[in-house]
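Atoms considered below: every heavy atom in the structure, side chains included; atoms not considered: hydrogens, waters and symmetry mates.
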Amino acid sequence: MRRNKILEKISLKTIVFILIAVFFLTISVGYSYLKTQVSISGKATILANKESDYPQGDSICDVKLVNEGEQSEPEGYFYQYNVTITNLDEDVTSWEIEFDIPNSIDVISIKSSDASSVIFENGRVYLRAQSLNGYVSKGNSFEIGLQIAVSKQCNLNMDNFTFCGKLVTLNRIS
Amino acid sequence: MSTRKSNKNIILLILLLVIVGMAVGYAALSQTLTISGTANIAAEWKILFTEIEEGTMKGASSKTAPSYTATTATFDVNLLYPGASAQYKITVANQGTVNAFLKSVDGIDTANAASPTDIKYTIDAAPDDKLNSGDTKVYTVTVQWDANSTTIPETKTKTATITLNYEQAE
């Protein structure tokens with residue numbers, strides 16, 4: 001009796017409306033796109049007034065990694081670079097290139113067939129020109145090859161590059 | 001009278017027995033057929049980072065080696081002079097079976113509006129970039145110290161969180 005009274009109060013229109021609403025609700029719940037978010041978190045710091053023992057010059061040094069990989073004898077990992085110097089200071093008769101390698105890196109060897117001597121001392125690498133390739137006039141560029149072998153793959157953060165005693169603008173190209 | 005009544009009872013009893021007999025016979029002949037099936041959702045939704053590495057660094061050096069997880073790629077870079085710039089190449093892979101597309105890229109405008117405004121972030125990702133199942137995409141994030149800066153800003157560090165929003169493709 002009570003149920004019949006309730007049903008009598010609800011009109012047919014109301015029932016139809018409820019049914020349609022439930023129908024669309026079911027469709028919307030079932031019909032949803034797959035989504036995902038991935039984030040890139042970056043931090044950049046302006047390092048002003050970085051102190052160096054060397055005066056700033058105008059020359060530019062481009063360091064390009066051309067090859068890397070495991071080596072077996074001696075066991076370790078090697079990096080091969082092309083180092084290009086654009087001389088914007090003054091004519092030089094025998095170039096000198098120097099740079100730092102972090103002390104935390106275990107260096108096995110450093111070689112360059114374009115240099116007459118390669119010295120690695122106290123975390124700094126000293127490259128000296130050969131007699132045939134030492135002259136570089138202002139405005140000209142030259143390139144040398146560089147091979148660095150380390151005990152394990154790492155981030156070789158070479159820094160503090162100088163050309164004939166003056167700091168260069170360093171570009172790492174990959 | 002009593003004979004008629006007993007005849008009726010007998011007929012009723014016989015009919016009852018017939019009905020019971022039919023029910024038993026019907027049950028004996030009936031058999032249940034069962035269809036058993038299992039439905040599995042074979043589709044897989046899997047979008048993730050698979051690599052981050054340094055690109056061209058001009059007057060810039062990574063303070064720590066860039067790293068990544070499935071959902072976050074991270075870098076920390078020092079910029080040495082106005083005009084210095086650092087690039088990081090980030091690989092996104094669709095290792096699922098559902099095609100996807102880049103719905104939106106968020107966070108760049110917010111980051112660039114924040115101080116110091118001399119440091120700008122850019123990314124070469126664009127909405128609607130497709131990333132189909134099995135594909136990878138390499139995006140380059142560039143952070144640069146404005147070459148026209150003439151002063152060192154008071155705030156020297158700027159962070160950015162760039163979000164790539166992927167949705168399933170139609």
Approximate separation, where rounding is to 0.5 Å, of [X] [atom1] and [Y] [atom2]:
{"X": "Asp159(A)", "Y": "Asn78(B)", "atom1": "CG", "atom2": "CG", "answer": "9.5 Å"}
{"X": "Thr72(B)", "Y": "Gln37(A)", "atom1": "OG1", "atom2": "CD", "answer": "10.5 Å"}
{"X": "Lys158(B)", "Y": "Ile46(A)", "atom1": "NZ", "atom2": "CD1", "answer": "9.0 Å"}
{"X": "Leu80(B)", "Y": "Thr169(A)", "atom1": "CG", "atom2": "OG1", "answer": "9.5 Å"}
{"X": "Ile40(A)", "Y": "Thr71(B)", "atom1": "CD1", "atom2": "OG1", "answer": "11.5 Å"}
{"X": "Thr36(A)", "Y": "Leu48(B)", "atom1": "OG1", "atom2": "CG", "answer": "9.0 Å"}

Measure distances from [X] to the heavy atoms of chain A and classify the residue's part below 4.5 Å as side chain, backbone, both or neither.
{"X": "Val77(B)", "value": "both"}
{"X": "Ile119(B)", "value": "side chain"}
{"X": "Ile52(B)", "value": "neither"}
{"X": "Ile90(B)", "value": "side chain"}
{"X": "Ala70(B)", "value": "backbone"}
{"X": "Tyr68(B)", "value": "neither"}

Around atom [atom1] of [X], are there more than 12 heavy atoms of other residues, nucleotides or ligands at under 6.0 Å?
{"X": "Asp109(B)", "atom1": "CG", "result": "no"}
{"X": "Gln56(A)", "atom1": "CD", "result": "yes"}
{"X": "Lys120(B)", "atom1": "NZ", "result": "yes"}
{"X": "Tyr135(A)", "atom1": "OH", "result": "yes"}

Given the rule that I, L, V, M, F, W and Y join up when any side-chain heavy atoms are under 4.5 Å apart, are [X] and [Y] in one cluster?
{"X": "Ile110(A)", "Y": "Phe78(A)", "value": "no"}
{"X": "Tyr79(A)", "Y": "Phe120(A)", "value": "yes"}
{"X": "Val168(A)", "Y": "Tyr126(A)", "value": "no"}
{"X": "Val138(B)", "Y": "Leu102(B)", "value": "no"}
{"X": "Phe101(B)", "Y": "Phe49(B)", "value": "no"}

Could you go through the side-chain contact (heavy atoms from CB on, under 4.5 Å) check for Asn165(B) and Lys35(A) one step at a time? CA-CA 7 Å; Asn165(B) 296 300; Lys35(A) 298 177 186 178; over 6 Å; no
Evaluate the criterion side-chain hydrogen bond (donor to acceptor under 3.5 Å, both in side chains) for residue pair Thr161(B) and Ser41(A); output intermediate values, then yes/no. CA-CA 5 Å; Thr161(B) 300; Ser41(A) 179; 4.6 Å; no
Please report the shortest heavy-atom distance between Gly59(B) and Asn171(A), naming the atom on each side.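 Minimum heavy-atom contact is N-OD1, 4.0 Å.
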Closest contact, heavy atoms only, Tyr81(B) versus Leu170(A):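 The answer is OH-O, 4.1 Å.
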Determine yes or no for a side-chain-to-main-chain donor-acceptor pair under 3.5 angstrom, with Arg172(A) supplying the side chain and Ala60(B) the backbone.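 Such a contact is found between Arg172(A) side chain and Ala60(B) backbone.
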Sub-3.5 Å donor-acceptor pair from the side chain of Tyr166(B) to the main-chain atoms of Val38(A), do we have one?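 Looks like no, no N/O pair under 3.5 Å.
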